[in-house]
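For reference, the structure discussed in these notes is given below.
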Amino acid sequence: MASYPVIRNCSYCLAHVPDLVRYGSKPRREIARNSAVEQHITDFLRSYSEAVSYPPNQTFLGNSTPEELAKIPRPWYRSTGSAEPEKEKQVGKFGEIVDQEFFLALIKAADILTPPLFQTDGHHTDTLKSRLHSHPLFGFQASGVISQTEKYRQDDTSLKALPIYHQAELYGFFHRDERAEGMDDENLVAHDLLENLCTKASGALALKWLLSREGIGPEDVDFLISCGEEACGDRYQRGGGGMAKAIGEMCGCVNASGVDVKNFCAAPASALILAGSLVQAGVHERIVVVGGGSLAKLGMKFEPFIAQKRFILEDCLASMAFLVTMDDGVSPVLRLEPGAVGKVPIGASTSEESVYRSYLVEPLRNLGLRFTDIDKYATELQNPEITEFSGSGDVVKKNYRKIAAMAVLSHALEKKDMETWIAAIGMPGFAPTQGHIPSAVPYIGHAMEAMRTGSVKRVMFLAKASIFLNRCTNLFDGVSFILERNPQLAGRNKNRERK
């Protein structure tokens, strides 16, 4: 086999931010229509302990596998633990879930403007500094970047500033860009800038964890690719970008440059393909793909949860990061030869059969692989406990049935064997509904572990993109790639078995 790039390491993190749910896109619109909605949301927010012990969150962090999650009876929200968060569950194999106060400290550290966007009084500033200082991955140097604000203005309850709470306590206000050149720009309002800093802060958390797991310094990163869904608003150019370098700056990646990749939900998959291509071409040696959380997606489905008197489960900002390098003889390889990467061309029909033929059937055919040569398929791994409440059903299960149907149409599978095959190649959804976050790649960490142990050889990742949401087209997109167990690792294991 030719030398391919590999995904050498990964990280996945969560930030439990219940008091930011009110600033999700859907809750914010509904609160504007009816102010009583804000109290309804507050009444159905879960505790940090409940978020920590929630089984899908534990799977996202790597403390349990998707196979183990599938064995836990639903509803999963009834499986939460004690009143106090269990320390062994706060940190997982792939990352950690941080509480809201610590995340406010990250936002404060991510705020580089003068005057600061997030203004707190001296007491709360000291508290946030202390939280950041005590974290092993951030420490004193990071806490030193938090600017001191002795007193915020007491008239900040105007529509221009957003009150920021933690456990019913007012911690400060988040402002629009109040420098003279930004005062008349509708894209520099407080909410949009908070969205950007949430992505930056959560992305930095994932990047810090990636560097720690790999055991390298931030200066060892050559290039960064951000794949989030934030806008990065700036004057004259809403959505101009620059998030990759902002996250890299916060983490000390002084030798790296970076770009942002936008492809809606499919952006992480597209970014990994781009990263692998740049590495294989010899342009960069170590590329980090990082995706921060999406504030806009918090509480998207809050209404049916409140109607059924259930805790709102969309209360976490998720983030992830991946390190892509040339072949190290151990890590899973990205198959990037001609025809291996799936795409949905512009000229393709928008029918589901046409889409699946384009980014599922054709790449397999191009590589001479059968459907059954793939051990696992990863699609949109949306948590079904959220999508079913919203009326969308189990999105993951629907996608696996479509994959199986294509296998039947391609004469690779008997119709009577569909359910058995789905059980073997599929998994339950376990990722937060954060748009780009659940789109296939949450399984990469678990796939890497399974490939190291030899239980899995080959995984296909399929990601869709709703590009029609940009109002410039009626199309949607899809990309796919195959991750394969490193053949050199397999060879070494065989030699050990002979001995």
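- With sequence neighbours left out, the ring-ring contact (aromatic ring centres under 6.0 Å, His included) criterion links H135 to F102, F138.
- Under the 4.5 Å side-chain criterion, counting only non-hydrogen atoms from C-beta, E229 is in contact with K297.
- Nearest approach of R335 to V341, heavy atoms of both residues: O-CG2, 4.3 Å.
- Between the CG atom in L298 and the OG atom in S294 there is a gap of 7.5 Å [rounded to 0.5 Å].
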Test salt bridge (Lys or Arg N to Asp or Glu O under 4.0 Å) applied to K457 and E484, step by step: CA-CA 6 Å; K457 179 181 179 181; E484 198 164 84; 6.0 Å; no
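- Inter-residue side-chain proximity for R458 and I482 is flagged as met; some heavy-atom pair is nearer than 4.5 Å.
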Verdict with reasoning, N196 to T199, per side-chain hydrogen bond (donor to acceptor under 3.5 Å, both in side chains): CA-CA 5 Å; N196 293 336; T199 299; 5.7 Å; no
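- Under the ring-ring contact (aromatic ring centres under 6.0 Å, His included) criterion, F174 pairs with no residue at all, not counting sequence neighbours.
- In this structure, the side chains of V91 and W209 come closer than 4.5 Å at one or more pairs of heavy atoms.
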Audit row: N255, D222, side-chain hydrogen bond (donor to acceptor under 3.5 Å, both in side chains) steps and yes/no: CA-CA 6 Å; N255 293 319; D222 303 314; over 6 Å; no
Test side-chain hydrogen bond (donor to acceptor under 3.5 Å, both in side chains) applied to N383 and Y54, step by step: CA-CA 11 Å; N383 181 345; Y54 185 52; 3.0 Å; yes
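- Under 4.0 Å is where a charged nitrogen must lie from a carboxylate oxygen, and between K343 and E362 no such pair does.
- The CD atom of Q58 lies 9.0 Å from the CD1 atom of I72; values are rounded to the nearest 0.5 Å.
- Side-chain contact between K108 and T120 is present, with at least one heavy-atom pair separated by less than 4.5 Å.
- Separating the CG atom in L205 from the CE atom in M320 is a distance of 13.5 Å, to the nearest 0.5 Å.
- Here the closest heavy-atom approach between residue A256 and residue V221 is recorded as CB-O, 3.4 Å.
- W421 and Y377 have their aromatic ring centers within a separation under 6.0 angstrom.
- Here H166 and F103 keep their ring centres 6.0 angstrom or further from each other.
- Residue pairs meeting the salt bridge (Lys or Arg N to Asp or Glu O under 4.0 Å) criterion with at least one member in residues 372-387, sequence neighbours excluded: E67-K376, R74-E385, R370-D373.
- For the residue pair A105 and I146, the shortest heavy atom distance occurs at O-CD1, 3.9 Å.
- Atom CD of E285 has 12 or fewer heavy atoms from other residues, nucleotides or ligands within 6.0 Å.
- Side-chain contact between L14 and F60: present, with at least one pair of heavy atoms (C-beta onward) separated by less than 4.5 Å.
- Side-chain contact of E337 with Y4: a donor-acceptor pair under 3.5 Å is present, judged by distance alone.
- Taking CG from L106 and NZ from K200, the interatomic distance works out to 11.0 Å, rounded to the nearest 0.5 Å.
- Judged as a side-chain contact (heavy atoms from CB on, under 4.5 Å), and not counting sequence neighbours, the contacts of S277 are I273, L336.
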side-chain hydrogen bond (donor to acceptor under 3.5 Å, both in side chains) between E88 and N63, worked out: CA-CA 9 Å; E88 66 272 15; N63 277 333; over 6 Å; no
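- The stretch residues 247-274 participates, sequence neighbours left out, in these salt bridge (Lys or Arg N to Asp or Glu O under 4.0 Å) pairs: E230-K262.
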Criterion side-chain contact (heavy atoms from CB on, under 4.5 Å) on C253 and L207, from CA distance to verdict: CA-CA 10 Å; C253 299; L207 178 51; 4.0 Å; yes
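- Rounding to the nearest 0.5 Å places NZ of K464 at 4.5 Å from OH of Y359.
- E169 meets the side-chain contact (heavy atoms from CB on, under 4.5 Å) test with H124, Y171; sequence neighbours excluded.
- Using a 4.5 Å cut-off on side-chain heavy atoms (C-beta onward), L334 and F481 make contact.
- Checked against Y48 for a side-chain hydrogen bond (donor to acceptor under 3.5 Å, both in side chains), the options Q90, Q100, E101, Q167 give a single hit: Q90.
- Between E68 and K71 there is no salt bridge, since no side-chain nitrogen of the basic residue lies less than 4.0 Å from a carboxylate oxygen of the acidic one.
- To the nearest 0.5 Å, atoms CD (E50) and CG (D315) are separated by 9.5 Å.
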